[in-house]
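Notes follow the structure.
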Amino acid sequence: MLRLGLCCKFEGEPIKFLTATALHTGRLAPGARARKLAGLCAANASALRASLEYCAAHGIGCFRVNSQVLPLATHPELGYDLKDLPGGRAIIADFEDCGALARKLGLRLTFHPDQFILLSSPNPAVTAASVKELDYQAQVAEWIGADVINIHGGGAYGDKAGALARGGRALKKLGRAVRSRLAFENDDRTYTPSDLLPFCREHKLPFVYDVHHHRCLPDGLGVEETTALALKTWGREPLFHLSSPKAGWRGSDPRPHHDYIDIKDVPACWRGLDLTVEVEAKAKELAIKKLRAQLGAKKWKF
DNA sequence: AGCGGTCAAGTTGAT
DNA sequence: ATCAACTTGACCGCT
C-alpha cells in the first residue's frame, strides 16, 4: 500500500515550527540567547508531537522533519549542543517521547537537509560544514527514530563524474548514524536517475526517486524502468517523491510545485507497491487529503 | 495586529 | 549582474 508523507509543515492546521535569525540571535547576551534557543527547541518538540498526532488521525503515514527543528544548531558562531542549553536534557527527552509515539502510531519519519549540504563540493570547508549538519540531523533522527536522511547530488562543477567520485570519497567521513540513513535523490537541474543509480548501487545507498524532477530533467530512462531500479536499492520500504507543476506541463517552467497533486501525475506503475510517497505540494495536508480521496476511487485501485 | 525589510550556508540556469 | 528555485516563507523591529 502507498504510505503518503507530509513535508515539514501544515497549511490549515495551527501547528507551527519556529526558527530564529542569526543576526538577531547573535545580538542577545549569552544567557538570553541560550534561553531563547532552548525555548524554540522545546516549542518545536511540542509541534512535532502535535504533527505526529495529526498525521496518525488523518491517515498520513510519514512526516518529514524540518532541518531547522533545532534552530541554528550548526551555525558557525551560534551553534550549540542541545544538552548544554537550559533544560536541554528534558527537551531531548521530549524528542525521544516523539520517537516512542511515532513508533506506537506506525509513522515513518524522514529528514531532507537543505541545498547547502554538498558532499561533492571541491571546497573542503563546504564538505566539512555539510558533514557537521548531517551529524546534527542524524542525532535528532536517533532521538525520534527517523530512518532516512535524503540529499541531492549537488553541483557538477563542470565534471559530474568527478564530482560524484568526490562525493563517494566524502562518504567515508560520515558516522554510522548518518551513513545508515543516507539516501540520494535525483534533482531537476543536474543529477538524473541515470547519474545516481550506479552511484547508489556502488555505495549501497538507497535512491529516492523524485518523478517530478525526472520529468523536468529526463535522461532517457522511463518512469516504469526507473521505478523498478529505484526499488531495488532499498532494503526496506522505499521512499519516493511526487509533485505536480504549478503552471501545468505546458507552462514556461514546470519545476515550481502546484498546491495540489494532479492525479494524472501519479505513475500507474506505483499502484499496489509498498512504498512511501512524500507529497511535495504547497497545500500540504490538504493536498494529501484530496489525493487520498482520489487514489481511493475505484478506478485507481491503489 | 499588521507591514515591510531582511534573513547561515551553494549551485545552476533563465532573464 | 540579478534572481528564482531548491523540501518550508518566517522572523523581527517598527508602527
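Remember, predicted model here, so these are calculated numbers, not experimental data. Just so we're on the same page: letters track the sequence lines, and every chain starts at 1.
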Original post:
Under 4.0 Å: is that the gap between some side-chain N or O of A/K9 and OP1 or OP2 of C/dG9?
Top reply: yes
Original post:
Any side-chain donor paired with an acceptor under 3.5 Å for A/S244 and A/D262?
Top reply: no
Original post:
Base, sugar-phosphate, or nothing: which does A/F111 touch, judged by heavy atoms less than 4.0 Å apart?
Top reply: nothing
**OP:** Would you mind classifying the nucleic acid contact of A/Q68 as base, sugar-phosphate or nothing, using non-hydrogen atoms under 4.0 angstrom?
**Re:** base
**OP:** Taking only the side-chain nitrogens and oxygens of A/T21, find out if one of them lies under 4.0 Å from OP1 or OP2 of C/dC12.
**Re:** yes
Original post:
Just checking A/K284: base, sugar-phosphate only, or nothing, at a heavy-atom cut-off of under 4.0 Å?
Top reply: sugar-phosphate
**OP:** Sticking with atom P, work out how far C/dG13 lies from B/dA8, rounded to a whole angstrom.
**Re:** 13 Å
Subject >> Centroid distance under 5.5 Å and plane angle under 30°, A/F116 vs B/dG10 >> reply: no
Original post:
Can you tell which of A/H152, A/H213, A/H257, A/H112 makes a ring pair (Phe, Tyr, Trp, His ring centres under 6.0 Å) with A/H241?
Top reply: A/H112
**OP:** Assign A/H212 to base, sugar-phosphate, or nothing according to its heavy-atom contacts below 4.0 angstrom with the strands shown.
**Re:** nothing
Subject >> Which nucleotide in C/dT8, B/dA9, B/dT11 has an atom nearest any side-chain atom of A/P122 >> reply: B/dT11
Subject >> Mate of C/dT8 where both pairing distances stay under 3.5 Å, Watson-Crick or G-U >> reply: none
**OP:** Please determine if a side-chain N or O atom of A/K246 lies less than 4.0 Å away from the OP1 or OP2 oxygen of C/dA5.
**Re:** no
Subject >> Paired nucleotide for C/dT2 [Watson-Crick or G-U wobble; both distances under 3.5 Å] >> reply: B/dA14
Original post:
Just checking, A/R49 and A/F95: is the charged tip under 6.0 Å from the six-membered ring centre and within 45° of the axis?
Top reply: no
**OP:** Please determine, for B/dC3, whether a Watson-Crick or G-U wobble partner exists with both distances under 3.5 Å, and give it or none.
**Re:** C/dG13
Original post:
Taking OP1 and OP2 of B/dT11, is either one under 4.0 Å from a side-chain nitrogen or oxygen of A/K160?
Top reply: no
Original post:
Quick one: which of B/dA9, B/dT12, C/dT8 gets closest to the side chain of A/K282?
Top reply: C/dT8
Original post:
So what does A/H241 hit on the nucleic acid, given a heavy-atom distance under 4.0 Å: a base, only sugar-phosphate, or nothing?
Top reply: nothing
Subject >> Atom P, compared across B/dT6 and C/dC3: separation rounded to whole Å >> reply: 13 Å
Original post:
Taking OP1 and OP2 of C/dC11, is either one under 4.0 Å from a side-chain nitrogen or oxygen of A/H24?
Top reply: no
Original post:
The side chain of A/R189 lies closest to which of these nucleotides: C/dA4, B/dC7, B/dT11?
Top reply: C/dA4
Subject >> A/E133 side chain to A/T74 side chain, donor-acceptor N/O pair below 3.5 angstrom >> reply: yes
Original post:
Which part of the nucleic acid does A/L18 contact within heavy-atom distance under 4.0 Å: base, sugar-phosphate only, or nothing?
Top reply: sugar-phosphate
**OP:** For B/dC7 versus C/dT8, give the span between their C1' atoms, rounded off to a whole number of Å.
**Re:** 14 Å
Original post:
Which part of the nucleic acid does A/E280 contact within heavy-atom distance under 4.0 Å: base, sugar-phosphate only, or nothing?
Top reply: sugar-phosphate
**OP:** Look up atom SG in A/C55 and atom CZ in A/F63, then write down how far apart they are to the nearest 0.5 Å.
**Re:** 6.0 Å
Original post:
Can you tell which of B/dA8, C/dC6, B/dT12 lies closest to the side chain of A/H152?
Top reply: C/dC6
Subject >> Phosphate OP1/OP2 of C/dG9 contacted by A/T19 side-chain N/O (<4.0 Å) >> reply: no
**OP:** Tell me what A/A22 touches on the nucleic acid: a base, only sugar-phosphate, or nothing, going by heavy atoms under 4.0 Å.
**Re:** sugar-phosphate
Subject >> Cation over ring face, A/K284 and A/F10, 6.0 Å, 45° >> reply: no
Subject >> Sugar-phosphate, base or nothing in reach of A/P256, heavy atoms under 4.0 Å >> reply: sugar-phosphate
Subject >> Inter-nucleotide P distance (C/dA4, B/dG5), Å rounded >> reply: 14 Å
